[in-house]
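Predicted, not measured: the structure shown is a model, and the values here were computed from it.
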Amino acid sequence: MTVEKMPSVFAYAPAPESRSVVDIAPSYGLFIDGEFADAADGKVFKTVSPSSEEVLSEIAQAGAEDVDRAVKAARRAFEKWSALPGSERAKYLFRIARIIQERSRELAVLETLDNGKPIKETRDADLPLVAAHFFYYAGWADKLDHAGFGANPKPLGVAGQVIPWNFPLLMLAWKIAPALATGNTVVLKPAETTPLSALFFADICRQAGLPKGVVNIIPGYGDAGAALVAHPDVNKVAFTGSTAVGKEIARTVAGTRKKLTLELGGKGANIVFDDAPIDQAVEGIVNGIFFNQGQVCCAGSRLLVQESIQDELLESLKRRLSTLRLGDPLDKNTDIGAINSEEQLARITSLVEQGEAEGAERWSPACELPAAGYWFAPTLFTNVTQAHRIARDEIFGPVLSVLTFRTPDEAVAKANNTPYGLSAGIWTEKGSRILAVANKLRAGVVWSNTFNKFDPTSPFGGYKESGFGREGGRHGLEAYLDV
């Protein structure tokens, strides 16, 4: 009797999620005062699926006149909305949260089509967190007196919110949920490459019976965002995106009475000590930099590994990267989806080429890239120094720079040697070391023996060029209250 040897790697049959669960209209208008409407100047733009370059829909493009209409609608709605008891506002938020749960499969497929990230991420990470944020802040709506900001804290008025393309629906939830819970009204501008989930959320607002004008959605380009930030009747500005744009926004609101929160770029350090559980650390490293193709502001894009275990860790990491599956983001087996846009792919490619030109050693697993769409293979660089641009600049792609250290003090010095300060990770079996190192890291969130874990009850934000203010948790209420 002969025994057949089992294959070392299992083959995965395609497991595509059906596109039929989401019905994308050929065109969408701006959502202003509870109704969809054309842009004042009639301008439109197309939104494209990054994995196939297929045009998904045509979207009305907001201009300055549309921004003004939306802000006026939000101002009209503010008087009645802010006067509602918190328990009444909470009912709307709870209703929105439940509708998001009911429509989560539809929204997950939509987000994957418009953004390019794998369906298992939109389905298992993004959508549960979106609903959780609305549930969480619904719970706060009638308890603001007890939030630690004094008795009877007041809403600010109209919140102008500008969100990025990497987590379109989640960033919307991070901003809209606390704004509504505290009694503010909202004008939100989604990113031009990912407007669809925000427009579907507008439909959810109508489905939930939210009063007209409380939430307004105005897709458009940077000029629409700039007009919203500069509008004299906006009381609060919240922005998530690049540090360069964040600085421009800070200059615009300087000298006004507008309250501002900025969540900007990052170059997070993932620190692995010699006593760390290697396999667990490797999973955390992969999650830290290859989740959402590395298009995450708090990505662990710098791996700091203790010198004595560098070879062992890199061998295990390369072995793990060789098992990642890149391809159709609607396939439930896919680990690495498409880069969000042609422009972002060009930026990643340019920075990676610079890394090679500066002498760092590039490695990627054998990886066949699809012919259509925007793709980049998971990549790691060794022989990296702190002087290399790939160790200093935010690449915002599936690219990991590996540096080494000998002592905890050296690890801390290298981790903090960056203009950013958004996230960090520590891998060690010693609780005392976790606490000692975490207290010295200048980062808004420090994960220990894990990475990229989020919860609506926990505040998130950065230091230095990663911005200021916090979103999430009790701290996230303060940005929307006159305290």
Side-chain angles (χ1 to χ4, degrees), residues 125 129 132 136 147-148 174 261 263-289 291 296-310 312-314 316-317 384 386 391-392 394 400-478:
L129 274 171
Y136 175 73
W174 278 26
T261 49
E263 196 262 276
L264 309 175
K267 193 69 179 174
N270 217 349
I271 306 168
V272 183
F273 287 94
D274 57 6
D275 63 339
I278 295 291
D279 289 343
Q280 185 182 338
V282 164
E283 289 305 308
I285 293 161
V286 169
N287 183 41
I289 183 58
F291 178 71
V296 184
C297 47
C298 57
S301 51
R302 288 181 299 148
L303 175 61
L304 300 179
V305 56
Q306 199 149 14
E307 210 170 80
S308 57
I309 60 162
Q310 180 191 14
E312 181 187 358
L313 183 79
L314 284 177
S316 181
L317 180 58
V384 179
Q386 294 181 89
R392 293 182 286 114
E394 183 179 40
L400 178 66
S401 296
V402 183
L403 300 96
T404 61
F405 67 91
R406 292 183 179 178
T407 66
D409 285 345
E410 185 187 353
V412 169
K414 285 185 172 178
N416 287 339
N417 184 24
T418 171
Y420 299 108
L422 195 56
S423 68
I426 303 168
W427 299 83
T428 174
E429 67 171 17
K430 296 183 176 69
S432 57
R433 179 181 281 163
I434 289 169
L435 293 172
V437 172
N439 281 331
K440 295 173 185 172
L441 292 174
R442 194 66 174 151
V445 58
V446 180
W447 286 290
S448 58
N449 292 328
T450 188
F451 211 92
N452 273 342
K453 290 286 184 275
F454 297 96
D455 190 280
T457 67
S458 181
F460 181 88
Y463 297 103
K464 301 188 285 186
E465 291 198 7
S466 289
F468 51 82
R470 294 293 179 264
E471 293 181 305
R474 182 185 65 84
H475 305 68
L477 296 165
E478 183 179 3

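By the side-chain contact (heavy atoms from CB on, under 4.5 Å) test, Ser423 pairs with Cys298, Val445, Trp447, Phe451, sequence neighbours left out. By the salt bridge (Lys or Arg N to Asp or Glu O under 4.0 Å) test, Glu307 pairs with Arg406, sequence neighbours left out. The side-chain hydrogen bond (donor to acceptor under 3.5 Å, both in side chains) test applied to Lys440 returns no partner, not counting sequence neighbours. Every residue two or more places apart in sequence or in another chain that forms a side-chain hydrogen bond (donor to acceptor under 3.5 Å, both in side chains) with Glu465 is listed here: Lys247. The salt bridge (Lys or Arg N to Asp or Glu O under 4.0 Å) search around Glu410 returns Lys414, not counting sequence neighbours. With sequence neighbours left out, Ala438 forms a side-chain contact (heavy atoms from CB on, under 4.5 Å) with Ile426, Val446. Under the ring-ring contact (aromatic ring centres under 6.0 Å, His included) criterion, Phe460 pairs with Trp174, Phe454, not counting sequence neighbours. In terms of the side-chain hydrogen bond (donor to acceptor under 3.5 Å, both in side chains) criterion, Glu312 has no residue partners (sequence neighbours excluded). Residues passing the salt bridge (Lys or Arg N to Asp or Glu O under 4.0 Å) test with Glu263: none are found, sequence neighbours excluded. Considering only residues two or more places apart in sequence or on other chains, Lys464 meets the side-chain hydrogen bond (donor to acceptor under 3.5 Å, both in side chains) condition with none of them. With sequence neighbours excluded, no residue satisfies side-chain contact (heavy atoms from CB on, under 4.5 Å) with Ala413.
Pairs of residues two or more places apart, or lying in two chains, that qualify as side-chain hydrogen bond (donor to acceptor under 3.5 Å, both in side chains) and include a residue from residues 266-285 are Asn270-Trp427, Asp275-Thr428, Asp275-Lys430, Asp275-Arg433, Glu283-Arg320.
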For Ile271 and Leu441, run side chain to side chain contact (heavy atoms under 4.5 Å, CB included): C-alpha distance rounded to whole Å, both residues' side-chain angles, the deciding distance at 0.1 Å, then the answer.
CA-CA 11 Å; Ile271 306 168; Leu441 292 174; 4.1 Å; yes
Give the intermediate values and the outcome of side chain to side chain contact (heavy atoms under 4.5 Å, CB included) for residues Val384 and Val402.
CA-CA 6 Å; Val384 179; Val402 183; 5.6 Å; no
Please evaluate residues Val296 and Ile289 with respect to the criterion side chain to side chain contact (heavy atoms under 4.5 Å, CB included), reporting the C-alpha separation (whole Å), side-chain torsions for both, the decisive distance (0.1 Å), and the verdict.
CA-CA 8 Å; Val296 184; Ile289 183 58; over 6 Å; no
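Under a 3.5 Å cut-off, the side chain of Ser301 and the backbone N or O of Leu400 do not form any donor-acceptor pair.
Here the shortest heavy-atom pairing between Ala415 and Arg302 reads O-NH2, 2.8 Å. Between Gly266 and Ser466, the shortest heavy-atom distance links the atoms CA-OG, 4.0 Å. Across all their heavy atoms, Leu304 and Ala269 have their closest contact at CD1-CB, 4.0 Å. The two residues Phe291 and Ala125 come nearest to each other via the heavy atoms CZ-CB, 4.1 Å.
The line from CD of Glu471 to CG of Leu477 is 12.0 Å long, rounded to the nearest 0.5 Å. Within the model, atoms CG of Leu422 and CD of Glu394 stand 8.5 Å from one another, a figure rounded to the nearest 0.5 Å. Of the inter-residue distances, the one linking Lys453 atom NZ with Asn287 atom CG reads 5.5 Å to the nearest 0.5 angstrom.
The side-chain heavy atoms of Pro456 and Leu129, taken from C-beta on, include a pair separated by under 4.5 Å. Between Leu313 and Leu303 the shortest side-chain heavy-atom distance falls below 4.5 Å. Within the 4.5 Å cutoff, the side chain of Leu317 has heavy atoms near those of the Val282 side chain.
In this structure, Arg470 is positioned above the aromatic face of Tyr463, its NZ or CZ under 6.0 Å from the six-membered ring centre and within 45° of the axis.
Counted by atom type alone, Thr457 and Asp455 present one or more donor-acceptor pairs between their side chains at under 3.5 Å.
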